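Hydrogens, waters and symmetry mates are skipped; everything else that's a heavy atom, side chains included, is used. None of these values were measured; they are calculated from a predicted model. By convention here, the first residue in the shown sequence is residue 1.
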Amino acid sequence: ITDEELEHVSAITTLPQALGETHRTIGVDILERWHERGFDQYLSDDIEGSPLRDTGVEILEELPEFIERGIRRVYRSLSSDSSTPYMTAMDATDHLLDALRETDSPWFSLVHYWDTHLPYVPLSELPESVRGRSYPGGDESLANATEQIEGSPWRENLLSLSGDAKTVGDMMRKYDGGVVRVDESLGRIRKFLRDQDEYENTAIILTADHGESLGENGVFFDHHTLYEPNVHVPLVIDAPGFDGRSDAFVQHFDLVPTILDILGMDTDLEQFDGQSIVPGAHGRNLERDAVFHEEA
């Protein structure tokens with residue numbers, strides 16, 4: 001990280017900062033520090049303190065150390081016989097709903113679920129709907145399936161974090177179990193909003209920071225490389241004006257102007273690299289011929 005890059009990042013206004021005057025902003029994630037920028041509350045399930053705390057600290061000057069610390073937090077609760085993520089989707093949703101019960105003003109929240117990220121859901125905790133699933137080649141051992149990448153750090157990482165999984169099928173069930181748990185958590189949020197008569201006035205956006213390769217192109221249960229499984233991520237928007245599907249190219253930097261547009265904020269959307277994708281008068285038709293990806 002260069003000084004120029006740090007200066008550039010520190011000058012960027014985050015979405016929570018942009019909404020700070022009109023909304024209570026709540027972040028839920030196990031990654032701390034620079035991810036916290038602008039949130040009124042950041043719920044990290046920190047074993048060293050309360051999971052609910054206020055933050056406004058700027059710590060970008062120590063960014064590399066905090067990235068490393070955040071990655072360590074993902075796995076530091078693991079033991080030799082467990083593969084439970086540090087904060088499950090259920091825990092994250094509990095934290096969010098507890099915070100919303102204490103919020104009587106307009107709010108914005110970012111909830112980062114980790115259940116579909118290595119080490120996935122333990123086999124002993126799989127949802128009933130997943131336990132009996134089978135997959136082509138699922139009976140092959142992880143060790144045999146990954147022999148083609150023997151000696152790579154990616155294989156060592158997988159085998160060290162596989163926990164109670166011994167076969168490719170075991171890992172697939174763990175991943176699918178994570179998907180089910182996230183889906184159930186989204187259902188809990190939607191039910192809460194309906195019970196509070198807030199559902200019709202709430203925009204819900206589901207996306208991911210990356211996809212996951214489950215053996216395609218020699219990448220096993222990880223997300224490096226620029227193949228389609230890693231760079232083609234879901235984007236589902238449940239908000240007024242959105243209906244049906246679109247095959248237009250959309251990128252993550254379109255989300256901030258889209259959210260500001262949904263909220264009707266008095267913001268010059270032309271200042272953003274991305275475009276609002278809200279249908280109608282405020283949205284702009286996306287006419288991109290391509291999108292660009294990079295892996296350092």
Side-chain angles (χ1 to χ4, degrees), residues 7-29 31 33-43 52-60 92-93 95-97 99-113 186 189-190 192-194 196-209 233-246 248-288 291:
E7 182 179 354
H8 174 72
V9 173
S10 63
I12 293 175
T13 299
T14 66
L15 182 58
Q17 288 172 325
L19 297 177
E21 293 186 4
T22 57
H23 292 71
R24 182 68 172 168
T25 56
I26 304 165
V28 185
D29 193 2
L31 292 179
R33 304 307 181 181
W34 61 279
H35 296 77
E36 301 176 357
R37 293 185 64 209
F39 283 104
D40 297 314
Q41 292 179 310
Y42 195 89
L43 296 79
L52 181 59
R53 56 194 176 78
D54 289 342
T55 180
V57 180
E58 296 289 348
I59 39 62
L60 287 169
T93 304
H95 289 332
L96 171 66
L97 298 186
L100 294 184
R101 291 185 183 99
E102 300 176 358
T103 303
D104 56 6
S105 61
W107 53 270
F108 165 79
S109 182
L110 170 67
V111 185
H112 189 176
Y113 292 123
L186 293 173
I189 295 173
R190 289 162 65 98
F192 173 86
L193 294 173
R194 287 193 173 98
Q196 301 296 314
D197 293 325
E198 295 180 358
Y199 181 78
E200 298 300 328
N201 296 319
T202 304
I204 301 175
I205 299 176
L206 169 67
T207 190
D209 54 337
V233 299
L235 176 61
V236 181
I237 301 179
D238 183 359
F242 286 88
D243 186 25
R245 296 172 177 264
S246 173
F249 281 124
V250 178
Q251 295 183 255
H252 282 127
F253 61 22
D254 295 321
L255 290 179
V256 169
T258 297
I259 291 170
L260 296 176
D261 202 357
I262 289 173
L263 295 175
M265 302 291 289
D266 184 17
T267 305
D268 177 14
L269 299 183
E270 297 294 334
Q271 67 179 294
F272 297 100
D273 293 330
Q275 301 180 25
S276 168
I277 61 173
V278 174
H282 297 291
R284 287 170 285 180
N285 292 324
L286 295 180
E287 298 179 351
R288 298 186 181 119
V291 292

Exercise for the section: Could you walk me through whether F39 and T14 pass the side chain to side chain contact (heavy atoms under 4.5 Å, CB included) test, one step at a time? Expected result: CA-CA 9 Å; F39 283 104; T14 66; over 6 Å; no

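- Every residue was checked against the side chain to side chain contact (heavy atoms under 4.5 Å, CB included) condition with D104, not counting sequence neighbours, and none meets it.
- Considering only heavy atoms from C-beta on, H23 comes within 4.5 Å of L263 through its side chain.
- By the 4.5 Å heavy-atom criterion applied to side chains, V111 and T93 are not counted as neighbours.
- Considering all non-hydrogen atoms of both residues, L269 and P257 come closest at CD2-O, 3.8 Å.
- Scanning for side chain to side chain contact (heavy atoms under 4.5 Å, CB included) contacts around L235 gives I205, T207, I237, V250, L255, I277, with sequence neighbours left out.
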Exercise for the section: For side chain to side chain contact (heavy atoms under 4.5 Å, CB included), just list the numbers for Y42 and D29, CA-CA rounded to whole Å, side-chain angles, deciding distance to a tenth of an Å, and then say yes or no. Expected result: CA-CA 8 Å; Y42 195 89; D29 193 2; 3.2 Å; yes

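- For E200, the side chain to side chain contact (heavy atoms under 4.5 Å, CB included) criterion is met by no residue, not counting sequence neighbours.
- Residues passing the side-chain hydrogen bond (donor to acceptor under 3.5 Å, both in side chains) test with T25 are D40, sequence neighbours excluded.
- Heavy atoms only, all atoms of each residue included: A99 and L43 are closest at CB-CD2, 4.4 Å.
- Heavy-atom minimum distance, I262 versus A239: CD1-CB, 4.2 Å.
- With sequence neighbours excluded, the residues forming a salt bridge (Lys or Arg N to Asp or Glu O under 4.0 Å) with R101 are D98, listed by chain and number.
- Residue T202 holds its OG1 atom at 10.5 Å from CG of D197, rounded to the nearest 0.5 Å.
- Taking a 6.0 Å sphere around CD of E7, one finds it holds 12 or fewer heavy atoms contributed by other residues, nucleotides or ligands.
- For R190, the side chain to side chain contact (heavy atoms under 4.5 Å, CB included) criterion is met by R194, Y199, I204, D238, not counting sequence neighbours.
- In this structure, CZ on R37 lies 12.5 Å from CG on L15, to the nearest 0.5 angstrom.
- By the ring-ring contact (aromatic ring centres under 6.0 Å, His included) test, H252 pairs with no residue at all, sequence neighbours left out.
- D254 contributes a side-chain N or O that, together with a main-chain N or O of Q251, makes up a donor-acceptor pair within less than 3.5 Å.
- In D243, the CG atom is not crowded: 12 or fewer heavy atoms of neighbouring residues, nucleotides or ligands sit closer than 6.0 Å.
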Handout entry: side chain to side chain contact (heavy atoms under 4.5 Å, CB included) evaluation trace for F272 with L260
Key = CA-CA 11 Å; F272 297 100; L260 296 176; 3.5 Å; yes

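- Not counting sequence neighbours, S109 has no partner by the side-chain hydrogen bond (donor to acceptor under 3.5 Å, both in side chains) test.
- The shortest heavy-atom contact between S276 and D261 is OG-OD2, 2.5 Å.
- Rounded to the nearest 0.5 angstrom, T258 OG1 and Q275 CD are separated by 9.0 Å.
- Note that CG of L100 and CD of Q196 are 9.0 Å apart. Values are rounded to the nearest 0.5 Å.
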Handout entry: Residues I26, H95; criterion side chain to side chain contact (heavy atoms under 4.5 Å, CB included); working and verdict
Key = CA-CA 10 Å; I26 304 165; H95 289 332; over 6 Å; no

